[in-house]
There are 4 protein chains.
Amino acid sequence: MLKPDKRDEILRAAIKLIAEYGFHGAPMAMIAVRAGVGAGTIYRYFENKDVLINELYRELEDKIRKYILSGYSTERPIRERFVHLNTKLFRFFIEFPLHFRYLEQFHNSPYGAAYRRDKILGESDEKDVFMRLFEDGLAQQVMKDLPILILFCLSFGPLITSMRDHILGFISLDDIMIERITEACWDGVKR
Amino acid sequence: MLKPDKRDEILRAAIKLIAEYGFHGAPMAMIAVRAGVGAGTIYRYFENKDVLINELYRELEDKIRKYILSGYSTERPIRERFVHLNTKLFRFFIEFPLHFRYLEQFHNSPYGAAYRRDKILGESDEKDVFMRLFEDGLAQQVMKDLPILILFCLSFGPLITSMRDHILGFISLDDIMIERITEACWDGVKR
Amino acid sequence: MLKPDKRDEILRAAIKLIAEYGFHGAPMAMIAVRAGVGAGTIYRYFENKDVLINELYRELEDKIRKYILSGYSTERPIRERFVHLNTKLFRFFIEFPLHFRYLEQFHNSPYGAAYRRDKILGESDEKDVFMRLFEDGLAQQVMKDLPILILFCLSFGPLITSMRDHILGFISLDDIMIERITEACWDGVKR
Amino acid sequence: MLKPDKRDEILRAAIKLIAEYGFHGAPMAMIAVRAGVGAGTIYRYFENKDVLINELYRELEDKIRKYILSGYSTERPIRERFVHLNTKLFRFFIEFPLHFRYLEQFHNSPYGAAYRRDKILGESDEKDVFMRLFEDGLAQQVMKDLPILILFCLSFGPLITSMRDHILGFISLDDIMIERITEACWDGVKR
DNA sequence: GATGAATGAGCGTTCATTCAT
DNA sequence: GATGAATGAACGCTCATTCAT
């Protein structure tokens, strides 16, 4: 039976190397060495490099979802939900900066474009937490009357850019700073 | 003697191909073909692919600076300057979507990190327009009392994320929408 | 204890896959799956792939020998024996086209050359049916005075080439056609 | 400009290595070494290994056609034409045993099956010399009334099998032997 | 100065074989 | 005895770079 341990080691090695050196700067052989497995072993767990990259993304997404959803309730006021999600996202990425880098790599690549296209245009079973938040915000007339995608950009665009600078070491995001950025973003979306 | 025309052709070919296919999806040979020059010729103008990529970035930055600075005056009120820069940036990227894609590729790569590090930490002769704007905004107590880098993120983070969606075709940014996004960002940074 | 059933399953799987996809188009893992055994199990019955390939050939040869020898008697006239062998061979290959394909693959490979060398030049205990037929044909002056190997080629060369075309579906060999080809070959070898 | 010399060297190396070791026993790297070129160079002349293999086959076919057609006239009697083609083929293969081995490898592989299918079923511009010979033979009632493909097998099947044995060193085909085999084949096809 | 044929290191991937279970 | 996960050498192929013309 395929060992989850090994699969995890491969995933961990891949995320680290890809986050650091980019997709084509992280050869399969290097990932294998770092994971402590043979080169061929990776292919027992992932059909090919593309599949590895995509599956890795999906695992990360799941991990994030679980993280930010803990303690989250759609019953709370919009503003509180907004702050919750924003704060949790910041915390997650600060705790796992490699994940952030990986996600950024992914989004800025053909992989990411295709994925995002599927997600936005495709038939999705469950409604996204974020979409839901903005829909509620609009319905309750708490947020500016803008397309949901735009509200999303206003809410999380600064998070993405400031995380970049944090990871590069140009700024340091502590709890206070996170709170203030989140507040500023709220000022941007609130009516 | 090296011909500027040829250099330009190479740069134009590179930007188009890299924006579309990514750094490693755009081989030198392909760039050469598209530029209408021999493969070896590129190396007379650029020491290697890395140099080409970096110089291309610098050219783009210059082009953007010139574009957004036209009609710009540091004598005008902060808010007006803010709107001017934001609007111009949107217009530039909508007019030259390839440039935006290239920039994004660049920022999310070892190239970008190294470059940004040099720029922020290094000794820069001229003060950046944006830095200047935020310094003035702080001095005049018009903007929130936040680090300049954070103000930058709040001001342009949403621009970047919404441009991504615009280029992928998920939203359509017209003048009205640009104005509304810019207003929202202003709400975010203004005191 | 090693089970003959399992050995047979492996052999059956190997012949089918190799006949269809060639030696290097039939990985051991694929053979194992088709045989319903573990990949490592094959190596308990056959030292390695080469051995498997060679033993498979020998099994096939045995099977053919048994098939064509049923009802065969060296007491009958040359011509009748010739027709018997030729016809039986045709029938065998038409019934088991995979066997024919396998044999052809084998003969046209380093395996085949080595094997044939051993057989012709080596010390063989039992005299080959075919050799015996041609020796008798020569002794009785019924066949052309040619080297035995040449008589063999004249007798069975057309069989091989026409079987190829039959299997590929270019011609259809029925009993009448088999008889006529056999007659023609006889015309070729008879004095 | 691509040098025909180099292309020829690659072809020569490929034919030798493939004839000796088979398609998968002759890696591109080995072909490159033997041809005295870099590994990547092969790909400037041939899109990939498959193309190299197919093109090599076509070159060989051309070479054979030219060789056997020299001095050939469709005006001569059937028998003479038959003897001419048969003899020339023998001579060609004896002179170029590697070519024979290569052809056999090719015919016994997916390449060969596909090719033969195209040739027989496809729309061919020029009528094949052999087809033409057998059609004339049938029309003049000189040959047995059999399908053309069968006449072909009767005429050249023995050639193929005896060439195999000649190359392996089991028999030695001199002019006399060639003549006698050809005569025997004629006995097989003639009415 | 310009070329593009030539190069070979390095990539993603396969598969015969091994060995711990 | 049987298994199949693990291995890594070896494959086909790409592409940044060089250099003879």
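Order of the sequence lines fixes the chain letters, A, B, ..., with proteins taken first and strands second; residue numbering starts at 1 for each chain. Atom set for the values below is all heavy atoms of this structure, side chains included, hydrogens, waters and symmetry mates excluded.
In this entry the distance linking CD1 of D:I10 with P of E:dA5 reads 13 Å, nearest Å. With rounding to whole Å, C:R7 atom CZ is found 17 Å from F:dA2 atom C1'. If you measure from atom OH of C:Y45 to atom C1' of F:dT3, you get 12 Å, rounded to the nearest angstrom. Residue B:F46 contributes atom CZ, which lies 13 Å from atom P of F:dT17 at whole-angstrom precision. The distance from atom NZ of D:K49 to atom C1' of F:dG12 is 8 Å, rounded to the nearest whole Å. Protein atom CG of D:D5 is 10 Å distant from nucleotide atom P of E:dA6, rounded to whole Å. D:L52 has its CG atom 12 Å from the C1' atom of F:dG12, to the nearest Å. One interatomic measurement links the two molecules: OH of C:Y43 to P of F:dT7, which rounds to 17 Å at whole-angstrom precision.
D:F46 pairs in a side chain to side chain contact (heavy atoms under 4.5 Å, CB included) with only one of the listed residues (D:L56, D:L11, D:I53, D:N54), which is D:L11.
For the pair C:V37/C:I31, no side-chain contact is recorded, criterion being any heavy-atom separation below 4.5 Å from C-beta on.
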Practice problem: Could you summarise the pairing of DNA chain F as dot-bracket text, marking Watson-Crick and G-U pairs under 3.5 Å with ( ) or [ ] inside the strand and | across strands? | Solution: .||||||||||||||||||||

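Contact check of residues 12-40 of chain C against DNA chain F (heavy atom, cut-off under 4.0 Å) returns C:V37, C:G38, C:A39, C:G40.
Annotation: of the two residues near DNA chain F, A:R44 and B:N48, the 5′-most nearest-nucleotide partner is A:R44. If you find the closest nucleotide of DNA chain F to C:K6 and to A:I42, the one lying nearer the 5' end belongs to C:K6.
For C:N108 against D:E104, the heavy-atom pair with the smallest separation is ND2-CB, 3.0 Å.
Annotation for A:Y21: atom OH does not count as buried by contact number, only 12 or fewer foreign heavy atoms lying within 6.0 Å.
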